[in-house]
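Throughout, a chain's letter reflects where its sequence line sits, starting with A, and its residues are numbered from 1.
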Protein chains: 2
Amino acid sequence: VSRIIDLSQPLENGQPAFPSDPELRITPHAHIPSHGCAVSRISFSSHQGTHLDAPAHVIKGGKPVDAIPLERFHGPAELVDLAPGGALDPSMPITIGMLRKHAGAFRPGARILYRTGWDRRAGMGGYFEGFPSLTPETARWIVSRGVVLLGMDTPSPAENWKETHQVLLGEGAEVVVVEGLVNLHLLPQRFTFVGFPLNLIGLDGSPVRAVAVVEEPPAT
Amino acid sequence: VSRIIDLSQPLENGQPAFPSDPELRITPHAHIPSHGCAVSRISFSSHQGTHLDAPAHVIKGGKPVDAIPLERFHGPAELVDLAPGGALDPSMPITIGMLRKHAGAFRPGARILYRTGWDRRAGMGGYFEGFPSLTPETARWIVSRGVVLLGMDTPSPAENWKETHQVLLGEGAEVVVVEGLVNLHLLPQRFTFVGFPLNLIGLDGSPVRAVAVVEEPPAT
């Protein structure tokens, strides 16, 4: 029996976007009484809410979402909980030393979601600033370990977004970066991650419905 | 080893939408040379391309996408190929008799994708009219078998969309209807279907990245 844990922020009017991004707008287009069916118009940023970044987000000529093998977005994954039962002090950078304690998880081909506790602020004011951040050195260490997918419960791997993204998404690294996850406190250490992008052609990123699939023994 | 088969139409400018729906528009919002990163604005219908319908699409007070258990969108599924190696004559309705030959697949809790060969026209003129359609009686038979998810390679289960949708999505049925699938000719008979909606709150439907996961023995 599979149980699904939702790791995705809601998409509805009022949900904030990155400060300089297009706003999320959902508007009714057709209605059951007048049209026989309800249809909505959805307008949002390719980086709204829980989403993933492709190399084309920051690398000139980098791969768009549709050039990443689909197998990357689905498979065994591991939780790295950096603040079990609590939250990281956001003023402290996430160092290589903090990840070394979980070094076994950081192996070639690994999908890793790291938890800082910041997702408590998702959807609220202040979510997009002052969050726990990887240093560029930590990002380089992650790349050196051969990780293929890195997710986090912050809106970005680092407030110093440019260098960190260039390290993670650059040539030879091309880590799939899944930002804005929630509910990581509900995860067991090992699970199956599912987070496919929409089939957007040539784009820099995509909103995703990220979930964890947990296999459980049938109830007795 | 898992292999992923993409069952989703591309999302890019120029892809048609249902004739009365909002058009798909993808526009650049930020650029690497000027902003340091590329960001896009996506605007589309909740029923663009490969998508799913929730009961709220046609039933007043029906469940929206976020009220459907996530377990529905992921799990064992079966292909019902109504035109192996070819395509159905679209002038002939899909009858109960045609499905009875595959009756073993139509069982309580089943996820079924049926193939008519119509997906060859996806993205082209004429895709939205004259496609092979379920009769309302066939839809009622499918509901009576306890199917929980029904996907198809046509833009809708029937051109007579209203009654068919009301049968499939109505109270006591609440079949998840996944429309506009492609590549069904690539599927083995049994596979794992994955097609989660975006985490849209209160909506009538959602674009999905529908895929099949096929487990294969490792190469020797």
Peer 1: Going from CD1 on A:I4 to CZ on B:R72, what distance comes out if it is rounded to the nearest 0.5 angstrom?
Peer 2: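 Rounded to the nearest 0.5 Å, the CD1-CZ separation comes out at 12.5 Å.
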
Peer 1: Most heavy-atom pairs under 4.5 angstrom with chain A, which of B:H35, B:Q166, B:H29?
Peer 2: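 Between B:H35, B:Q166, B:H29, the count favours B:H29.
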
Peer 1: Compare every heavy atom of B:W161 with every heavy atom of A:C37, then report the nearest pair and how far apart it is.
Peer 2: CB-CZ3, 3.8 Å

Peer 1: For residues B:S2 and A:E71, determine if any side-chain heavy atom of one lies less than 4.5 Å from a side-chain heavy atom of the other.
Peer 2: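 Counting from C-beta outward, B:S2 and A:E71 never come under 4.5 Å.
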
Peer 1: Set out, in order, the CA-CA distance, both residues' side-chain angles and the distance that settles side-chain contact (heavy atoms from CB on, under 4.5 Å) for A:S8 and B:F196, then state yes or no.
Peer 2: CA-CA 11 Å; A:S8 311; B:F196 291 102; over 6 Å; no

Peer 1: Run A:V194 and B:F73 through side-chain contact (heavy atoms from CB on, under 4.5 Å) and show every step you take.
Peer 2: CA-CA 12 Å; A:V194 184; B:F73 307 113; over 6 Å; no

Peer 1: With a 4.5 angstrom heavy-atom cut-off, which part of A:Q9 approaches chain B: side chain, backbone, both or neither?
Peer 2: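 Contact with chain B: backbone only.
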
Peer 1: Which members of residues 56-70 of chain B, sorted by number, sit under 4.5 angstrom from chain A on a heavy-atom basis?
Peer 2: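 Counting heavy atoms that sit under 4.5 Å from chain A, the residues of residues 56-70 of chain B involved are B:A56, B:H57, B:V58, B:I59, B:K60, B:L70.
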
Peer 1: Taking C-beta and beyond as the side chain, do B:D204 and A:S40 meet within less than 4.5 Å on heavy atoms?
Peer 2: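 Yes, close enough: below the 4.5 Å cut-off.
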
Peer 1: Can you say whether A:V208 sits under 4.5 Å from chain B via the side chain, the backbone, both, or neither, judging by heavy atoms?
Peer 2: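 Contact with chain B involves the backbone of A:V208 alone.
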
Peer 1: Working to the nearest 0.5 angstrom, can you tell me the gap between B:Q48 CD and A:R41 CZ?
Peer 2: 11.5 Å

Peer 1: Does any backbone or side-chain atom of A:R3 lie under 4.5 Å from a heavy atom of chain B? Answer side chain, backbone, both or neither.
Peer 2: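 Both parts, backbone and side chain.
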
Peer 1: Is atom CZ of B:R121 surrounded by more than 12 heavy atoms (other residues, nucleotides or ligands) closer than 6.0 Å?
Peer 2: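 For B:R121, atom CZ is not crowded (no more than 12 foreign heavy atoms under 6.0 Å).
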
Peer 1: Considering all heavy atoms of both residues, which atom of B:H47 and which atom of A:A38 are nearest to each other, and what is their separation?
Peer 2: NE2-O, 3.7 Å

Peer 1: Do B:I26 and A:S46 come within less than 4.5 Å of each other through their side chains, counting heavy atoms only?
Peer 2: no

Peer 1: Would you mind checking which part of A:I32 comes under 4.5 Å of any heavy atom in chain B, side chain (CB onward), backbone (N, CA, C, O), both or neither?
Peer 2: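 For A:I32, side-chain heavy atoms alone lie under 4.5 Å from chain B.
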
Peer 1: Heavy-atom distance under 4.5 Å to chain B: side chain of A:D6, backbone, both or neither?
Peer 2: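 For A:D6, heavy atoms of backbone and side chain both lie under 4.5 Å from chain B.
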
Peer 1: At a heavy-atom distance under 4.5 Å, which candidate from B:K162, B:Q15, B:H31, B:E12 has the highest pair count against chain A?
Peer 2: B:E12

Peer 1: Is there side-chain contact between B:I42 and A:L198, with heavy atoms separated by less than 4.5 Å?
Peer 2: no

Peer 1: Who wins among A:P197, A:A30, A:P28 for the most heavy-atom pairs under 4.5 Å with chain B?
Peer 2: A:P197

Peer 1: Are A:T50 and B:N199 packed together at the side-chain level, in the sense that at least one heavy-atom pair is separated by less than 4.5 angstrom?
Peer 2: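 Side-chain contact under 4.5 Å: no.
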
Peer 1: Would you say A:E171 has more than 12 foreign heavy atoms packed within less than 6.0 Å of its CD?
Peer 2: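 12 or below, so no.
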
